[in-house]
Amino acid sequence: MRTAVLNVGIRTVLLRRGPSGGIDGVFGAEGCGVRSILKELTARVGEAVARLDPQADPLVRPAADESHGDYQSNCAMSLAKKLGQPPRSVAERIAAALEVSDLCEPPEVAGPGFINFRLKADAMAHRLAEVPPAPAAGEDRVGIAPSDAPEKVVVDLSSPNLAKEMHVGHLRSTVIGDCAARILEFLGHDVIRENHVGDWGTQFGMLVAYLRRTHPDVLNRPDALQIADLEAFYVQAKALFDADATFKRESQEAVVALQQGDTATRRIWEAFCNESLRHCHRILDRLNVRVVDRGESYYNDLMPQVIDALERDGHAVESQGALCVFLEGFKTKEGEPLPLLVRKSDGGFNYATSDLATLVHRIRTLKARRIIYVVGVTQKLHFEMLFAAARKCGIAPPEVRLEHLAFGSMLSRSGAPFKTREGGTIKLKNLLDEAVAAARAVVESASGDEDGDEGAAPMSKRALSREQVEEIAETVGLAALKYYDLSHNLIKDYRFDIEAMTSLEGNTAPYLLYAYARIRAIGRRAGVDFATLSGSSPILLAHPTEQALARRILRLPEVIEQTGAELKPNLLTDYLYDLSKAFSRFYDRRLGVRVYDAPTGELRVSRLRLCDLTARSLKLGLSLLGIRTLEQM
RNA sequence: GCGCCGGUAGCUCAGGUGGACAGAGCAUCGGAUUUCUAAUCCGACGGUCGCAGGUUCGAGUCCUGCCCGGCGCGCCA
């Protein structure tokens with residue numbers, strides 16, 4: 001699939017070559033300075049290579065080793081094999097046919113047949129100078145244009161069960177799904193964030209019955225329902241259910257009443273779900289995650305229609321009393337065909353039923369062209385079967401992309417399952433509090449010592465009030481949690497390590513947030529308004545650290561694009577860390593350059609603009625991860 | 001049993017369709033320095049990329065077998 005995506009991307013660029021000879025790619029809209037250099041070079045190499053083989057992939061990528069330049073093309077080697085010619089001579093011919101003098105030094109052929117590109121400093125400077133200033137209000141795109149081929153995308157994220165409180169198991173889906181949605185939105189797509197909450201099933205009969213007993217006034221004032229501890233409420237109801245036969249009967253009757261649409265029962269159920277959703281949104285608000293709530297019950301009426309149609313069309317057949325869709329390639333332990341069960345032998349519906357109905361709704365009503373399920377890897381088989389069944393039954397036509405964005409589990413620091421000492425689930429709220437507390441300790445220890453240790457003097461000028469510390473701790477703590485999650489390969493399990501994630505050193509949110517705050521402080525101290533620094537004066541890239549920083553800033557469009565194409569957030573986190581390290585070197589007193597006391601006024605403005613572009617790139621990148629920045633730390 | 005996913009430096013992890021000596025952070029050790037927010041920068045140390053074969057000019061990456069760990073495998077979600 002990855003190959004297909006890349007091929008499509010390349011073809012798109014080639015088709016879009018404008019009369020000017022420039023590439024109006026995803027990042028090349030008029031008036032928006034920064035285009036993806038990777039795309040542009042890919043197009044240029046593609047044109048040169050096409051003379052030898054129209055099918056060949058230009059294989060342009062950032063240089064593996066900076067000593068070889070900024071970008072490299074690896075296409076000559078494989079092409080040479082195909083043509084039966086020496087790879088170096090193929091590379092020489094491609095290099096000779098290339099027209100890249102506006103961007104790069106003359107390309108060099110090296111090693112077995114690599115073609116190396118080194119960007120010209122003035123080309124980089126020119127591109128950076130084209131980036132428009134940040135808008136006074138609203139989103140700063142840092143000069144990156146949105147896609148001109150927007151798609152309707154559904155991201156299925158978070159999706160807790162309303163019977164209980166959100167727990168640590170919901171963190172990854174929420175954070176990863178939000179990140180995917182943000183990146184796709186930024187790229188210009190029309191994203192619907194579906195919070196597919198569990199609001200139906202036998203447990204809700206029990207909860208309704210328990211609510212009747214504990215909150216007799218709920219019917220009179222359903223909106224006033226408050227349950228302080230949802231988890232405890234569930235546990236108490238369950239205990240009574242197991243111990244009390246009368247209550248058990250009431251619960252079962254409530255289930256039936258719910259299914260039959262009994263008004264009073266449904267009002268109680270609704271009151272409970274709304275209260276539970278309020279709990280969810282307290283957490284989602286805190287995480288700054290926006291969703292559309294649409295519970296499983298939303299599909300109640302649709303399910304029988306969908307299933308009846310499957311049965312009528314012969315896609316689903318009865319087996320051992322259950323209605324099944326048989327699919328090729330799936331087997332049971334015994335080697336028998338493994339079907340997807342879409343209706344239980346008791347006539348009831350299950351997970352697969354509601355997922356199929358949900359797909360129908362998303363494709364036919366919401367008109368989604370791409371549906372991304374952000375769900376743990378343990379459900380991989382389920383989604384493979386679901387997708388296969390949806391294809392087979394014609395619910396999902398070929399042009400609709402179905403993706404399971406699978407992620408591994410969050411484990412405890414020791415590598416064991418992440419549970420309380422008693423083996424219970426950990427509430428998500430408690431986890432957030434723990435991260436914020438750890439961040440508070442870090443911020444307090446670094447923001448000037450009230451105990452008055454040796455180095456109090458330099459810190460005193462940014463001593464923070466209690467309120468400021470709280471605000472910073474909240475932002476840093478949640479950022480640390482999200483960033484740590486997103487900076488790992490999604491498919492793998494990872495260990496929850498509060499110290500590592502809140503550390504101020506290394507590839508962490510606190511490091512990046514500090515880097516950002518530090519750059520903003522430069523602007524404040526320099527007494528300039530970055531918004532007015534544009535245009536008039538040039539960007540000068542003479543010093544090696546200036547050039548290194550420029551290179552990093554210019555990679556932002558291609559990194560965002562690739563992160564969105566592959567849905568791998570750690571590509572973006574790695575980039576942001578690399579960018580801020582490049583800034584630290586640029587700003588280093590020994591190996592870097594002077595900024596606001598630069599030798600000339602022109603250099604001062606140029607360097608301040610580099611600071612501004614770095615800060616804006618960091619802010620944009622972090623915002624796509626769902627992380628807020630701070631002007632001061 | 002079958003299937004899927006992992007196994008990379010002491011630790012935590014990156015490694016785009018096979019490509020240039022396998023990268024980073026932490027930890028450890030050494031250096032810079034009284035500062036443009038040092039919450040920094042530079043350097044060193046550290047790896048038979050689970051094992052064994054194979055394909056290839058070239059394999060952490062592809063193929064086969066095996067070892068270890070995790071997950072999943074008909075009426076839960």
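A note on names: the letters A, B, ... follow the listed sequences, proteins ahead of strands, and every chain is numbered from 1.
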Asker: To the nearest 0.5 angstrom, please state how far the CG atom of A:Leu571 sits from the CD1 atom of A:Ile560.
Answerer: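 Reported to 0.5 Å precision, the distance equals 12.0 Å.
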Asker: Taking a pair as Watson-Crick or G-U wobble with both distances under 3.5 Å, which nucleotide is matched to B:C2?
Answerer: B:G72
Asker: Quote, to the nearest angstrom, the P distance that separates B:G60 from B:G19.
Answerer: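 The same atom, P, in both gives a distance of 10 Å.
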Asker: What interatomic distance, in whole Å, is found between C1' of B:G50 and the corresponding atom of B:C68?
Answerer: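 Rounded to whole Å, the distance is 7 Å.
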Asker: Counting Watson-Crick and G-U wobble pairs only, both distances under 3.5 Å, name the nucleotide matched with B:C45, or none.
Answerer: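 Matched B:C45 with nothing under the 3.5 Å cut-off.
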Asker: For the side chain of A:Asp493, counting heavy atoms from C-beta on, which of B:G70, B:G74, B:U56 is nearest?
Answerer: B:G70
Asker: Just N and O in the side chain of A:Arg61: are any of them under 4.0 Å from OP1 or OP2 of B:G19?
Answerer: yes
Asker: Determine the Euclidean distance between corresponding C1' atoms of B:A9 and B:A44; express it in Å to zero decimal places.
Answerer: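 About 14 Å, rounded to a whole number of Å.
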Asker: How close or far is atom C1' of B:G72 from atom NE2 of A:His382, stated in whole angstroms?
Answerer: 13 Å
Asker: With both distances under 3.5 Å as the test, what is the Watson-Crick or G-U wobble partner of B:U56?
Answerer: none
Asker: Quick one: pull up CG in A:Leu162 and SG in A:Cys273 and give me the separation to the nearest 0.5 Å.
Answerer: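 It comes to 5.0 Å.
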Asker: When rounded to the nearest 0.5 angstrom, what distance separates CD1 in A:Ile472 from CG in A:Leu630?
Answerer: 6.0 Å
Asker: At less than 4.0 Å, is any side-chain N or O atom of A:Arg590 found next to OP1 or OP2 of B:C41? Yes or no.
Answerer: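 So the side-chain polar atoms of A:Arg590 never come under 4.0 Å of the phosphate oxygens OP1 or OP2 of B:C41.
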Asker: Whether the side chain of A:Ser503 and the base of B:G25 hold a donor-acceptor pair under 3.5 Å is what I'd like checked.
Answerer: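 Answer is no: no donor-acceptor pair is held.
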Asker: Look through every strand shown and name the nucleotide pairing with B:U40 as Watson-Crick or G-U wobble, where both distances are under 3.5 Å.
Answerer: B:A32
Asker: Can you check whether any acceptor in the base of B:A20 is under 3.5 Å from a donor in the side chain of A:Gln72, or vice versa?
Answerer: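 Pair found.
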Asker: Using the P atom as the reference point in each nucleotide, state the distance between B:U12 and B:A52 in Å, no decimals.
Answerer: 23 Å
